[in-house]
Number of protein chains: 2
Amino acid sequence: MLTPSETKTLKFIQKYCIEKGCSPTLTEIADGIGIKSRGVIHRYLKSLESKKLLSIVSNRKRGICLNLEAYENQSIAPIIPLLGRIAAGQPIEAIEDRHEINLADFIMNPDRFALQVTGESMMDAGILDGDTVIIKHQNTANNGDIVVALIDGIEATLKRFKKLPKGMILLIPENKSMEAIAYEAERIQIQGVVVGQLRSYQ
Amino acid sequence: MLTPSETKTLKFIQKYCIEKGCSPTLTEIADGIGIKSRGVIHRYLKSLESKKLLSIVSNRKRGICLNLEAYENQSIAPIIPLLGRIAAGQPIEAIEDRHEINLADFIMNPDRFALQVTGESMMDAGILDGDTVIIKHQNTANNGDIVVALIDGIEATLKRFKKLPKGMILLIPENKSMEAIAYEAERIQIQGVVVGQLRSYQ
DNA sequence: TTGAATGTTCTCCTTTTGTTCTCTATTATT
DNA sequence: AATAATAGAGAACAAAAGGAGAACATTCAA
């Protein structure tokens, strides 16, 4: 069980290692988590070492090694640190405004549910076969929304939504090899709108 | 079985643990359920402990451990219903195969972190500009993995990884208009592997 | 070689937290 | 009416956690 300070320290080290490619000095950690004394940081590191979360090479500058395997089964919060922006060829750029992503906010709302996507109809919008989409349950949609629509009460489909004149609705697949189809509004029932998408590579 | 106050206390602790990844202090519980005295909370905790719903590590701050059954039948678990597959274009499969998608399995591990992607270099793999990728922090990679690599210790980049003969490493962008580049292995430092991807449409 | 930066080990201090009390009030039950 | 169960406030104390900083040892690069 880690104390909040230990957690902060560990997260800072992890972040530093990823951004800079080497471990930080005690002073850098202290600055990073808002503490003035190197001695305090050293105490935290010793405690983390005794909990097998990292190892320290004695007297070596920047001699902290994270023990990534032990890190694996620590207690979990639905919050992942958002380290920064990655752009090809640039250093990782830190993000000031938002430091973490709370998946609870992202997805876990009572009116949300998930669907697994089969098929390639939304491929060009980055929604691939096997992806999971998070749907907000609602019966209306705005132009441009990606919706789950029920056609004639039977066929469910994931398409981009567009309202046409004269009570028609256009459902647009995001795939060059498929065509958009217009329906009378009465035939279309909106089941929900895509508010998120996620994919696992494991 | 449980008194209303005990139930409130337990629920608060469950929620707190899931959201924050560690147990709350007595003061936090008191604030959370609208009580001013820590002593009262302590009494509730003792009672809950005697009912085997949790255990307390004496004198340890944040030393509350929930027992496993206390987690069950809780709707606040990081789980969203996975309703079924939606086959774009094809008729729907049953909405009744009610699985659940557990975000804990999906991405929530402490050795994970997130990066926001800038640029289109992985577009053809369905990773778009602005998406968030979940990275597992590790220093090795297998062929075909999408990795965060540090080139010469400075430039960060998101590419598909391939080992070549003679100590070379090929970093492959998933974008037809960009070219793969081979580097000497010494110049490349693997920072992590993409294990997930998510996008918000809100 | 030398000096600045860094790691290490201390002691001392403050704040926060857990723990144990006592006291009071309300409500339901016998 | 008496009793027990539940609920809450708050004081007092001990222990843990958080922090400052001095003093010394060690690295490492100029």
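Here is how names work: the chains are called A, B, and so on, in the same order as the sequence lines, proteins then strands, and each is numbered from 1. What's counted below: heavy atoms across the whole structure, side chains too, no hydrogens, waters or symmetry copies.
- Among A/Val40, A/Leu10, A/Leu53, A/Ile64, the one residue that satisfies the side-chain contact (heavy atoms from CB on, under 4.5 Å) test with A/Leu45 is A/Ile64.
- Closest non-hydrogen pair, A/Arg160 versus A/Met122, comes out as N-CE, 4.2 Å.
- If you check every strand for non-hydrogen atoms under 4.0 Å, A/Ile35 touches sugar and phosphate atoms only.
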Given protein heavy atoms under 4.0 Å, the one-letter contact record of nucleotides 21-30 of chain C, with B base, S sugar-phosphate only and - none, is simply ----------
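- For A/Ile56, whose side chain is taken as the heavy atoms from C-beta onward, the closest listed nucleotide among C/dT20, C/dT8, D/dA9 is C/dT8.
- One finds no side-chain N or O of B/His42 lying less than 4.0 angstrom from the OP1 or OP2 phosphate oxygen of C/dG18.
- Nearest to the side chain of A/Ser58, among C/dT6, C/dG18, C/dT8, sits C/dT8.
- Evaluated for a salt bridge (charged side-chain N to carboxylate O under 4.0 Å, His left out) with B/Glu6, the options B/Lys11, B/Lys46, B/Lys51 yield exactly one hit, B/Lys51.
- Taking all atoms of both residues into account, the shortest heavy-atom contact from B/Ile29 to B/Pro24 is CG1-CG, 3.6 Å.
- Taking atom CD1 on A/Ile41 and atom P on D/dG19, their separation rounds to 8 Å, with Å as the unit.
- Position along DNA chain C of the nearest nucleotide to B/Lys61 versus B/Leu45 favours B/Lys61 as the more 5'-ward residue.
- Summarising the geometry of A/Ser23 relative to A/Gly63, their closest heavy-atom pair is OG-N, 4.1 Å, with the distance given to 0.1 Å.
- Atom pair A/Lys46:NZ and D/dA17:P shows a separation of 18 Å (rounding to whole Å applied).
- Looking at every heavy atom in both residues, B/Ala149 comes nearest to B/Ile188 through CB-CG2, 4.0 Å.
- Side-chain N/O atoms of A/Ser37 and base N/O atoms of D/dG21 include a donor-acceptor pair closer than 3.5 Å.
- Atom-to-atom, NZ of A/Lys36 to C1' of D/dG19 comes out at 10 Å; the value is rounded to the nearest Å.
- Nearest heavy atom pair, residue B/Ala141 against residue B/Val147, reads CB-CG1, 3.5 Å.
- When each of A/Asn59 and B/Ser5 is assigned the nucleotide of DNA chain D bearing its nearest heavy atom, the one mapping closer to the 5' terminus is B/Ser5.
- The side chain of A/Arg38 approaches C/dT8 more closely than any other nucleotide in the set D/dA20, D/dA15, C/dT8.
- Atom CG of B/Asp31 is separated from atom C1' of D/dG8 by 15 Å (rounded to the nearest Å).
- For B/Leu26 and D/dA15, the CG to P distance is 17 Å, given to the nearest whole Å.
- Residues A/His42 and A/Ile56 have side chains not in contact (no heavy-atom distance under 4.5 Å, counting atoms from C-beta outward).
- Comparing the end axes of the helix from C/dT1-D/dA30 to C/dT30-D/dA1, each fitted to five base pairs by superposing C1' atoms of four pairs onto the next four, gives an inter-axis angle of 20° (nearest 10 degrees).
- Pairs passing the salt bridge (Lys or Arg N to Asp or Glu O under 4.0 Å) check and including a residue from residues 26-42 of chain A, sequence neighbours excluded, read A/Glu28-A/Arg62.
- Taking only side-chain atoms of A/Tyr44, from C-beta outward, the nucleotide of C/dG7, D/dG19, C/dT9 with the closest atom is D/dG19.
- Rounded to an integer number of Å, the gap from CD1 of A/Ile33 to P of D/dG18 is 10 Å.
- Remark: B/Thr25 is not in phosphate contact with C/dT16, judged by side-chain N or O atoms under 4.0 Å from OP1 or OP2.
- To the nearest angstrom, C1' of D/dG18 lies 13 Å from CZ of B/Arg62.
- Closest heavy-atom contact between B/Lys159 and B/Leu171: CB-CB, 3.8 Å.
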